[in-house]
Amino acid sequence: MADSAQAQTLVYLVTGGCGFLGEHVVRMLLQQEPRLRELRIFDLHLGPWLEELKTGPVQVTTIQGDVTQAQEVAAAMTGAHVVIHTAGLVDVFGRASPETIHEVNVQGTKNVIEACVQTGTRFLVYTSSMEVVGPNVKGHPFYRGNEDTPYEAVHRHPYPCSKALAEQLVLEANGRKVRGGLPLVTCALRPTGIYGEGHQIMRDIYNQGLRLGGRLFRAIPASVEHGRVYVGNVAWMHVLVARELEQRAAVMGGQVYFCYDKSPYKSYEDFNMEFLGPCGLRLVGTRPLLPYWLLMLLAALNALLQWLLRPLLLYAPLLNPYTLAMANTTFTVSTNKAQRHFGYKPLFSWEESRTRTIRWMQAMDSSAQ
Ligand SMILES: NC(=O)C1=CN([C@@H]2O[C@H](COP(=O)(O)OP(=O)(O)OC[C@H]3O[C@@H](n4cnc5c(N)ncnc54)[C@H](O)[C@@H]3O)[C@@H](O)[C@H]2O)C=CC1
Ligand SMILES: C[C@@H](CO)CCC[C@@H](C)[C@H]1CC[C@H]2[C@@H]3[C@H](O)CC4=CC(=O)CC[C@]4(C)[C@H]3CC[C@]12C
């Protein structure tokens with residue numbers, strides 16, 4: 001909890017504070033930000049776990065609200081010093097319409113920026129995504145690249161398009177005058193694929209493995225590297241950026257940072273096995289069991305079924321042409337920009353991140369029995 005020796009003066013607002021990443025950011029702020037006086041948690045859906053936070057020394061205010069509603073955002077932000085904007089619609093499975101994704105991710109971000117200007121909130125940290133860069137529609141590999149690595153970032157899918165547009169808005173807003181005349185300082189963090197406690201896709205893959213008798217079948221060559229980062233380290237990076245933005249505005253304002261840690265470079269499936277293996281699942285095959293053209297056909301079939309069934313029900317399996325391309329294209333990051341600009345070092349080692357994730361999966365498993 002916050003060190004009471006330091007003055008508790010700051011008001012933070014976390015949008016999407018009840019999501020997978022948002023909850024970790026909220027808990028990390030309460031543990032690691034001694035200057036926090038009030039923490040506002042803004043989300044479309046508030047979780048029951050928030051109640052336990054209200055007994056600590058920091059005032060925790062929960063706000064059920066929608067980022068697409070400009071007046072709700074502005075009302076929540078009045079008097080806040082820092083906003084960490086993690087709220088977003090994360091959908092690569094065709095559950096939401098492209099219009100809804102745009103509305104939440106782009107219009108929602110515009111509303112946050114305008115609310116900063118209107119209310120005088122000076123520091124904005126935006127959760128962007130590796131997807132703003134790639135993999136692109138051509139499936140070009142991005143092998144251990146950094147923030148300056150040239151890459152043809154061309155997207156068609158609504159999710160990366162929306163994240164790219166929103167990130168651009170955030171970066172362009174850096175330096176705008178907010179109420180009171182001081183400049184807005186903004187910054188965007190680009191996590192690669194986040195894993196850790198609360199990761200819904202990991203849960204889904206685990207359940208899929210159970211349904212298949214404790215087995216998963218390799219679909220992606222082991223040589224395709226997919227960047228992953230532990231949720232606790234992503235949260236830590238958000239807390240550090242928020243803390244350092246004021247002092248290092250000239251260096252950090254308008255910048256983007258990949259979120260990285262010491263998680264190993266592996267294929268999406270091999271990486272998941274680091275957690276699913278200790279939970280009793282087995283990955284069958286050292287090479288993909290089906291040829292790629294057949295997987296593409298199955299993915300296309302899933303897309304067609306989704307479209308045909310849409311009037312009756314929502315069919316949104318994990319495999320579709322976009323997720324297949326994502327999993328099958330090398331995209332990994334190797335950078336030290338965050339360390340150079342604001343002294344970031346991962347708070348959790350790979351071993352700790354792995355252990356925490358396994359413990360969470362095992363607890364989830366035993367509570368389901
Ligand atoms: N999960 C991942 O691997 C990655 C996620 N990101 C980004 O991180 C952020 C958080 O993602 P996750 O925690 O994974 O997703 P999540 O779906 O668990 O959390 C998003 C939160 O935003 C809230 N939200 C959605 N629409 C809202 C609205 N209209 N108004 C207010 N709140 C709303 C949701 O209720 C949810 O609590 C997102 O911006 C996402 O684009 C970036 C890179 C990787
Ligand atoms: C082809 C299947 C065979 O096992 C595996 C399908 C896996 C996919 C569901 C995932 C592969 C890559 C993931 C994405 C990636 O980690 C980057 C992301 C960044 C974000 O900002 C949001 C989440 C995601 C799009 C993530 C979603 C799930 C995958 C597509």
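Note: hydrogens, waters and symmetry copies are ignored here, and every other heavy atom, side chains too, is used. Counting starts at 1 for both ligands and their atoms, following the listed order.
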- Query: Can we say Glu114 and Arg176 salt-bridge, meaning some charged N sits less than 4.0 Å from an Asp/Glu carboxylate O?
  - Reply: yes
- Message: If you count every heavy atom of other residues, nucleotides or ligands that lies below 6.0 Å from Trp49 atom CH2, does the total exceed 12?
- Response: yes
Tabulate distances under 3.5 Å between N/O atoms of ligand 2 and N/O atoms of the protein, writing both atom names on each line.
from     : atom 1 : to     : atom 2 : distance (Å)
ligand 2 : 4 (O)  : Glu269 : OE2    : 2.8
ligand 2 : 16 (O) : His226 : NE2    : 2.8
ligand 2 : 21 (O) : Ser129 : OG     : 2.7
ligand 2 : 21 (O) : Tyr159 : OH     : 2.6

- Task: Could you tell me how the ring of His199 sits relative to the ring of Phe20: parallel (under 30°), tilted (30 to 60°) or perpendicular (over 60°)?
- Result: parallel
- Task: Could you tell me whether the side chain of Thr330 and the main chain of Pro141 form a donor-acceptor pair under 3.5 Å?
- Result: no
- Query: Is any side-chain N of the basic residue among Glu225 and Arg144 closer than 4.0 Å to the acidic one's carboxylate O?
  - Reply: yes
- Could Glu167 and Lys163 be called an ion pair, given the rule that one side-chain N must be under 4.0 Å from one carboxylate O? no
- Can we say Glu51 and Lys54 salt-bridge, meaning some charged N sits less than 4.0 Å from an Asp/Glu carboxylate O? yes
- Note on the structure: Ordered by chain then number, the protein residues lying under 4.0 Å from ligand 1 by heavy atom are Gly16, Cys18, Gly19, Phe20, Leu21, Asp43, Leu44, His45, Gly65, Asp66, Val67, Thr86, Ala87, Gly88, Val90, Val104, Thr127, Ser128, Ser129, Tyr159, Lys163, Pro191, Thr192, Gly193, Ile194
- Who are the ring pair (Phe, Tyr, Trp, His ring centres under 6.0 Å) partners of Phe331, not counting sequence neighbours? Phe142
- If you look only at pairs with a residue in residues 276-290, which of them pass as a side-chain hydrogen bond (donor to acceptor under 3.5 Å, both in side chains), with sequence neighbours excluded? none
